[in-house]
Amino acid sequence: MFYFYNTLTREHELFTPGPIIRMYTCGPTVYDHAHIGNFRAYVFEDLLQRHLEAQGNRVERVMNLTDVDDKTIRGARREGISLDKFTARYKEAFFQDSAALRLRPACATPAATDPENITAMIAMIQVLLDQGNAYVAEDHSVYFRIASFPRYGALAQVDRDAQRSTLRMKHDEYSKEEIADFALWKAWDEEDGDVAWQSPWGKGRPGWHIECSAMATRLLGPHIDIHCGGVDNIFPHHEAEIAQCECVSGTQFVSLWMHCAHLMVNGMKMSKSAGNFYTVRDLRQQGWSGREIRYALLSVHYRMPLNFTLEGIASARQALHRIDEWRTRLEEYLANVPSHTSFSLEKCGAVNVRDFFTALDDDLNISAALGVLFEVIRESHRLLDQNALLPTEVRALLDWWYKVDSVLAIASDSLDGDIPEEVQKLVALRQEARFLKNWDESDRLRDTIAGLGWSIKDSKSEQKLVRQA
RNA sequence: GGCGAGGUAGCCAAGUGGUAAGGCUGGGCUCUGCAAAAGCCCCAUUCGUCGGUUCGAUUCCGACCCUCGCCUCCA
């Protein structure tokens with residue numbers, strides 16, 4: 001039983017999936033490296049998809065790439081290269097960063113400039129024109145006629161009449177019937193250079209909102225189950241998408257709208273225009289791993305503003321380390337006392353392990369879910385200390401963790417990678433020195449090994465090597 | 001001005017009309033040749049302020065204070 005908060009109704013609603021969940025997530029505009037504020041939305045969407053799938057649902061998700069707009073055109077012109085070449089760089093970077101954050105790729109990542117998408121946009125605009133939902137202005141741009149769609153404003157719950165007085169007419173939009181009407185097709189002008197497509201209304205390029213509408217309906221059909229994005233997309237972007245799609249299809253475009261709150265830095269919204277932003281690559285260069293960034297973005301509920309700080313990501317690192325140690329303990333236990341019997345674990349001590357998933361069922365309550373995880377960790381350590389767990393129970397606990405991690409995707413990749421031969425030799429020497437209780441030699445070797453970038457943790461039976469950060 | 005989110009320990013953060021999950025930090029203990037690491041234990045008479053309802057409110061109602069976002073391209 002899923003309950004999700006629907007922006008459209010402003011209520012938690014029961015969500016009952018059909019055989020396939022169709023999901024559309026607004027992707028990046030590829031004019032620069034995406035920042036971690038952008039990635040917060042993608043991590044939230046990834047968590048949502050992974051949880052739906054872990055609960056046995058099939059999800060078809062589409063994420064668009066906006067590769068033509070004012071900013072991409074400006075960027076390409078500034079560098080004197082083609083739009084394609086300019087955006088290709090940032091598309092590539094986006095996929096790299098996404099992989100670092102362990103975002104599962106969407107089923108399709110259509111780009112606005114793909115010929116089939118431009119065709120779909122033009123077709124959609126034509127229908128809107130034919131039906132009187134749009135009009136061609138003097139300059140051959142095409143605008144959506146908001147007056148023709150009374151429900152406009154329902155998602156953002158804005159009253160159009162109240163808005164009117166605060167809007168200002170831009171100089172280049174004088175030909176609109178109403179100030180709030182938005183562009184479906186922008187007629188070519190000097191600034192666009194060679195970026196243009198032919199249309200029945202002359203050469204130009206698509207407006208931003210029609211891109212998503214056309215790509216979403218082309219790939220997922222007229223009705224979508226879940227549509228996600230950041231809160232700043234609610235108005236006007238998603239409002240416009242609803243207007244366009246519902247005028248064309250005559251049916252409800254989206255059942256469930258889910259929006260995540262902003263990421264803040266030092267209490268302020270992170271944005272490119274404000275200049276106070278981190279990119280994934282910035283943080284990775286500073287030594288933070290993708291999964292640490294992922295955890296930091298994941299661990300605050302998606303509808304709460306997240307204040308990103310270095311202290312916060314350091315705390316994420318520690319929490320992950322605790323999880324790693326626990327998993328290692330379980331795996332080492334099973335290496336000694338193997339058990340392949342698998343059964344579905346109900347409880348670990350006093351903790352009901354199912355609660356992890358039921359917490360997420362409730363509008364992705366990640367804090368409660370992580371609370372369950374850490375309670376299980378503490379409880380199983382306690383039981384293991386008392387030798388009160390059976391091998392089959394440890395096996396089941398580990399299987400539970402693998403399922404949990406299919407949703408969280410925060411497990412460490414590999415324990416430490418290959419240990420260099422030189423280090424291995426020194427460790428062997430130290431082993432001998434320790435056997436002879438030659439502590440001076442043992443300490444000297446520990447220092448030497450540390451100089452090579454590996455720290456040693458002695459346990460009763462062995463020397464554990466950990467690569468220094 | 002209109003719409004919206006939020007104020008819970010040093011930091012992050014769940015939650016409920018019946019007496020405060022979890023993480024990080026800090027302290028203690030265990031283990032240990034030392035160190036490191038790890039594990040366990042402890043750490044809010046109190047939930048922005050002031051009123052009200054109630055046997056009882058952090059949780060419901062009202063007022064107020066503060067922070068932040070959207071209303072223009074933005075996840």
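Below, chains carry the letters A, B, ... as their sequence lines are ordered, and counting in each starts from 1.
Remark: the separation of the P atoms in C3(B) and U72(B) is 16 Å, to the nearest Å. Between A20(B) and G4(B), the distance separating the two P atoms is 34 Å to the nearest Å. Separating the P atom of C68(B) from that of C73(B) is a span of 24 Å, rounded to the nearest Å. Comparing U25(B) with A44(B), their C1' atoms sit 16 Å apart, to the nearest whole Å. Taking the P atom of each, C64(B) and A14(B) are spaced 27 Å apart, rounded to whole Å. Comparing A13(B) with C70(B), their C1' atoms are spaced 25 Å from each other, to the whole Å. Comparing the C1' positions of G26(B) and U67(B) gives an interatomic distance of 28 Å, to the nearest angstrom. C66(B) and C43(B) have their P atoms separated by 36 Å, given to the nearest Å.
One atom, CD of Gln463(A), and another, P of U32(B), lie 17 Å apart when rounded to the nearest Å. Rounded to whole angstrom, the span from the CD atom of Glu379(A) across to the P atom of G39(B) amounts to 15 Å. At whole-Å resolution of the value, CG in Asp181(A) and P in U72(B) are 14 Å apart. When the P atom of G4(B) is taken as reference, atom CD of Glu11(A) falls 13 Å away, rounded to whole Å. Between the CG atom of Leu306(A) and the P atom of G23(B) there is a distance of 19 Å, rounded to whole Å. The nearest whole Å value for the distance from the CG atom in Asn352(A) to the C1' atom in A21(B) is 15 Å. Spacing between atom CG of Asp232(A) and atom C1' of C73(B) amounts to 10 Å, rounded to whole angstrom units. Distance Leu297(A) CG to A13(B) C1': 16 Å, rounded to the nearest Å.
Of all nucleotides listed (C11(B), A21(B), C70(B)), C70(B) comes nearest to the side chain of His262(A). Comparing G22(B), C12(B), G39(B) by their closest approach to the side chain of Glu375(A) singles out G22(B). Checking C73(B), A13(B), C24(B) against every side-chain atom of Pro236(A), the shortest atom distance belongs to C73(B). Side-chain atoms of Lys71(A) lie closest to C73(B) of the nucleotides C73(B), G23(B), G69(B). Among the nucleotides G15(B), A21(B), C24(B), the one closest to the side chain of Asn365(A) is G15(B).
A centroid separation of 6.0 Å or more is found between the aromatic rings of Tyr5(A) and Tyr302(A).
Between Trp257(A) and His259(A), the ring-plane angle classifies as parallel under the 30° and 60° cut-offs. By the 30° and 60° cut-offs, the orientation of the rings of His237(A) relative to His209(A) is tilted. Taking the six-membered ring where tryptophan is involved, the planes of Phe357(A) and His51(A) are essentially parallel, since the angle between them stays under 30° and well short of 60°. Using cut-offs of 30° and 60° on the angle between ring planes, the pair Phe4(A) and Phe2(A) is parallel.
Within the nucleic acid shown, Asp385(A) comes within 4.0 Å of sugar-phosphate atoms alone, with no base atom in reach, counting heavy atoms only. The residue Tyr42(A) sits close only to the backbone: its heavy atoms come under 4.0 Å of sugar-phosphate atoms, none of a base. Contacts of Ala359(A) with the nucleic acid, taken as non-hydrogen atoms under 4.0 Å apart, are absent. Residue-level contact check: His237(A) touches neither bases nor backbone, having no heavy atom under 4.0 Å from any strand. Leu263(A) comes within 4.0 angstrom of a base, heavy atoms only. Among the protein residues, Gly312(A) comes within range of no part of the nucleic acid, since none of its heavy atoms lies under 4.0 Å from any strand.
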Using atom names, set out every protein N or O paired with an N or O of nucleotides 5-9 of chain B below 3.5 Å, distance rounded to 0.1 Å.
none

What are the atom names and distances for every N/O pair under 3.5 Å that joins the protein to nucleotides 41-43 of chain B?
residue, atom, partner, partner atom, Å
C41(B), OP1, Arg382(A), NH1, 2.1

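Applying the Watson-Crick and G-U wobble criteria (two distances, each under 3.5 Å), C24(B) pairs with G10(B). C34(B): no Watson-Crick or G-U partner with both key distances under 3.5 Å is found in any strand. Pairing partner, A63(B): U49(B), with both Watson-Crick or wobble hydrogen-bond distances short of 3.5 Å. G4(B) is paired with C68(B) under the criterion used here, namely a Watson-Crick or G-U wobble arrangement in which both key atom distances are under 3.5 Å.
The residues Asp447(A) and Arg444(A) are annotated as not salt-bridged, no charged nitrogen and carboxylate oxygen being separated by less than 4.0 angstrom. A salt bridge links Asp46(A) and Arg50(A); the closest N-O separation between the charged side-chain nitrogens and carboxylate oxygens is under 4.0 Å. Residues Arg145(A) and Asp181(A) are not paired through a salt bridge, judged by the lack of any N-O separation under 4.0 Å between the basic side chain and the carboxylate. For the pair Asp458(A) and Arg434(A), the salt-bridge criterion is met [side-chain N within less than 4.0 Å of a carboxylate O]. Between Asp32(A) and Lys71(A), none of the side-chain N atoms (NZ, or NE/NH1/NH2) sits under 4.0 Å from a carboxylate O, so this pair counts as no salt bridge. Contact check on Arg322(A) versus Glu325(A) returns no salt bridge, with no Lys/Arg side-chain nitrogen under 4.0 Å from an Asp/Glu carboxylate oxygen.
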- Once base and sugar-phosphate atoms are separated, protein heavy atoms under 4.0 Å mark nucleotides 33-38 of chain B, 5' to 3', with B, S and - as BBBBSS
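Both Asn307(A) and Arg40(A) lie close to RNA chain B; mapped to their nearest nucleotides by heavy-atom distance, the more 5′-ward contact belongs to Asn307(A). Checking Ser315(A) against Asp69(A), the closest nucleotide of RNA chain B that is more toward the 5' end is the one next to Ser315(A).
Side chain to side chain, Ser289(A) and Arg317(A) fail the donor-acceptor criterion of an N or O pair below 3.5 Å. Donor-acceptor pairing under 3.5 Å is recorded for the side chains of Tyr24(A) and Asn64(A).
Closest approach of Ala369(A) and Phe356(A) over heavy atoms only: O-CD1, 3.2 Å.
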- Query: Should Arg430(A) and Gln463(A) be marked as a side-chain hydrogen bond (donor to acceptor under 3.5 Å, both in side chains) after you check the CA-CA gap, both sets of side-chain angles, and the distance that decides it?
  - Reply: CA-CA 9 Å; Arg430(A) 184 164 180 270; Gln463(A) 305 177 54; 2.7 Å; yes
